[in-house]
Amino acid sequence: MRIVGLTGGIASGKSTVSNLFKSHGIPVVDADRVARDVLKKDTGGYKKVAAAFGDDILQVNGEVDRAKLGQIVFSDPAKRQLLNRLLAPYISSGIFCKILKLWLRGCKVIVLDIPLLFEAKMDKWTKPIIVVWVDTEIQLRRLMARDGSSEEDARNRINAQMALDLKRTKADIVIDNTGSLEELERQFQKVLFQVTRPLTWTEFWLSRQGAFMALISIIIGVVLGKKVYGHHNQESQN
């Protein structure tokens, strides 16, 4: 099985690339969606975050106000680290469960869409790593236009993550999203070809099909071994 790492920055266009993978039938495990699930009311993650940040981050219906929580953690590095520390175990287990389900379905290629791929050290488990890159000023303008936020808030959100220029140095594949959507799609077609190339032997043995073949080989080896051993014992007795 090939696990592809997809990351970028806020308003870099990573979600667009993620949707392009989905449109071509490649399953995507979205860490942001997993994070939303672990913050749902009465879940373990919800209880820990509510206890740490207080009722001020809750809406009238008791659900977490993600926008308010975001403002708090993106303006305070210590609180951002606290939030990451509280949710990391739940998010990691949620991602693992989704990968396991896809593995059981026989998926050969899976894309992990994780904004904090490097920060969470999950880049060790993905190959190739794709970074969707944009110039910082373009990223800032797009974020302000998307969220209607002030320049200060937008810069705080951008600076809260690893710089895209640093991420691109760690990537196997860089998608430059400073241009038009058409240009992005042209780059994606090349990336799609690389991602869907035949599995290496190592990747194949990690797939469900490879594991099944390995299991069959072991069973056959055990059966043949018993027959040989039994035949040897009979000859010894004779």
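It should be emphasised that the depicted structure is a prediction, and the values quoted were computed from it without experimental measurement.
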Side chain to side chain donor-acceptor pair (under 3.5 Å) pairs, two or more places apart, involving residues 17-31: Ser18-Asp113
Results of side chain to side chain donor-acceptor pair (under 3.5 Å) for Asp172 - residues two or more places apart only: Lys127
Within a strict 4.5 Å, meaning less than it, do heavy atoms of the Arg142 and Gln139 side chains meet? no
Please name all residues satisfying side chain to side chain contact (heavy atoms under 4.5 Å, CB included) with Leu69, sequence neighbours left out, ordered by chain then number. Leu39, Val49, Phe53, Ile57, Val64, Val73, Leu83
With sequence neighbours excluded, what pairs up with Lys101 under the side chain to side chain contact (heavy atoms under 4.5 Å, CB included) test? none
Please identify each residue that fulfils side chain to side chain contact (heavy atoms under 4.5 Å, CB included) with Pro77, with sequence neighbours left out. Arg80
Mind checking what makes salt bridge (Lys or Arg N to Asp or Glu O under 4.0 Å) contact with Asp37, not counting sequence neighbours? Lys40
Could you list the residues that satisfy side chain to side chain donor-acceptor pair (under 3.5 Å) with Asp165, not counting sequence neighbours? Trp133
Residue list, side chain to side chain donor-acceptor pair (under 3.5 Å) with Arg155, at least two apart or on another chain: Glu151
Connected to Phe193, directly or through other members, by ILVMFWY side-chain contacts below 4.5 Å are none
Who passes side chain to side chain contact (heavy atoms under 4.5 Å, CB included) against Ser149, sequence neighbours left out? Met144, Asp147, Asp153, Ala154
Tell me every residue that passes side chain to side chain donor-acceptor pair (under 3.5 Å) with Asp32, counting only those two or more places apart in sequence or in another chain. none
Heavy-atom distance under 4.5 Å between the side chains of Leu166 and Phe118, does that happen here? no
Apply the hydrophobic cluster definition, ILVMFWY joined by side-chain contacts under 4.5 Å directly or through others, and give me every member besides Val111. Val4, Leu6, Val17, Leu20, Phe21, Ile26, Val28, Val109, Ile130, Val132, Ile173, Ile175, Leu181, Leu184, Phe188, Val191, Leu192, Val195
Distance (rounded to the nearest 0.5 Å) between Ile129 CD1 and Met122 CE: 11.5 Å
